*Asks:* 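Okay, here's the structure, questions in a sec.
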Amino acid sequence: MSDMPPLPRGWLRVVEAARHAEAIKAILDTPPIAPRDDGLVLFAEIGSAQLLPCLVAIKSLHARLGRGRVALLDDGTLIGSDRAVLAQHCGDPEIIVAPGSDDTGLSDLPGWRALATVLERRSSEYWLWLSGDGVTLGPVPEVERAVALNASFLMPQDQVPGEPIPLADFCRATYPDGPVDSEIAARLESRLGGIERPGWRYLRSDSGLMGFAAGGPGLRSAAACRADLEQLVAPEDLCDADAARVAASLLLASENRTVILPHNRYGHASTASWDIGTSFLHFSDDARHADARYAEASQTAIAALLSQ
């Protein structure tokens, strides 16, 4: 038995990511996206380290939708060769430089800068924000219908999500013992009842897939939402990407026509099973490489792309 200590978690992530990239390198052999300027934008934040997984996420979803163009937010790490690959595979996509907080009124940290980009640009196009570690495995009729109706959508986090409900009702139902002091999402959610905005509602959602209808509320609403959240926790705690997810969920759940995707077909890999009826899975947590499911799902999506 080896007496070598285990690798530090940060190093292990690098090793796991490299193994995953090797397992999915066939994404580079799949046909390029043929973009359409038809009012739909597939959007993701991307960096050099996430190049291949993000290609799987974007190309597997675009193939199922059969429409839209691609826009990507550079996290500041893309290099020339990355941009060449993206141009070849994503139809010469728009690559956006992250806006600064002074420009948007929001944080310029991960999650917030992507949210700011979507809200700033949704005035005349439907923006579909997807995570670079998601995989589309089957038809997505609910997403297609939401886009066709120009209705925003959320992917629920809970297995029995219900509908968005008023903030105070959400807190009473989900946190009956009152505010909690744990990770940032729970801290915010358990205090949402302290926001006094009539008509605002909430639903726990997953950041893997979110739809922002064209013409919906923009940066002004987001800045107001962030200001409200700053009254609930220390402002520096909002730097976490999960805080941006709570803000996005709050904004979309408060719109009048938001569609809730069915959890049995759109889910997080840690809570959802994967079978022939699965449409989309999000592999976002640190355990995404703990077994072979992420690589297997990606390879399944790649095989579907190669068979086109």
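Computed from heavy atoms alone, side chains included, the values below leave out hydrogens, waters and symmetry copies. Fair warning: this is a prediction, and the values are worked out from it, not measured in the lab.
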*Asks:* Between E255 and R122 (salt bridge meaning N to carboxylate O under 4.0 Å), is one present in this structure?
*Replies:* yes

*Asks:* If you define the side chain from C-beta out and look only at heavy atoms, does anything of D74 sit under 4.5 Å from V97?
*Replies:* no

*Asks:* To the nearest 0.5 Å, what is the distance between CZ (R197) and OG (S254)?
*Replies:* 10.0 Å

*Asks:* Can you list every ring-ring contact (aromatic ring centres under 6.0 Å, His included) pair that touches residues 165-209, not counting sequence neighbours?
*Replies:* F170-Y202

*Asks:* Are L137 and I276 close enough that some pair of their side-chain heavy atoms sits under 4.5 Å apart?
*Replies:* no

*Asks:* Closer than 4.0 angstrom, basic N to acidic O: yes or no for D181 and R191?
*Replies:* yes

*Asks:* Would a 4.5 Å heavy-atom cut-off, applied to side chains only, mark V259 and R145 as touching?
*Replies:* no

*Asks:* Taking only residues two or more places apart in sequence or in another chain, which ones pass side chain to side chain donor-acceptor pair (under 3.5 Å) with S131?
*Replies:* D133, H282

*Asks:* For S279, run the side-chain hydrogen bond (donor to acceptor under 3.5 Å, both in side chains) check against E142, R64, R265 and tell me which one passes.
*Replies:* R265

*Asks:* As an exercise, state the distance from OG of S298 to CD1 of I24, rounded to the nearest 0.5 Å.
*Replies:* 5.0 Å

*Asks:* Are E125 and D37 close enough that some pair of their side-chain heavy atoms sits under 4.5 Å apart?
*Replies:* yes

*Asks:* Per the side chain to side chain contact (heavy atoms under 4.5 Å, CB included) rule, which among I184, L188, L251 passes with V246?
*Replies:* L188

*Asks:* Looking at K25 and E22, is there a salt bridge between them, counting it only when a charged N and a carboxylate O are closer than 4.0 Å?
*Replies:* yes

*Asks:* Counting C-beta onward and ignoring hydrogens, is there a side-chain heavy-atom pair between P156 and L261 closer than 4.5 Å?
*Replies:* yes

*Asks:* Would you kindly confirm whether V180 and L229 end up in one hydrophobic cluster when ILVMFWY residues are joined by side chain heavy atoms under 4.5 Å apart?
*Replies:* yes

*Asks:* Is there a side-chain contact between L128 and L65, using heavy atoms and a 4.5 Å cut-off?
*Replies:* yes

*Asks:* Is the closest side-chain heavy-atom distance between Y294 and V135 below 4.5 Å?
*Replies:* yes

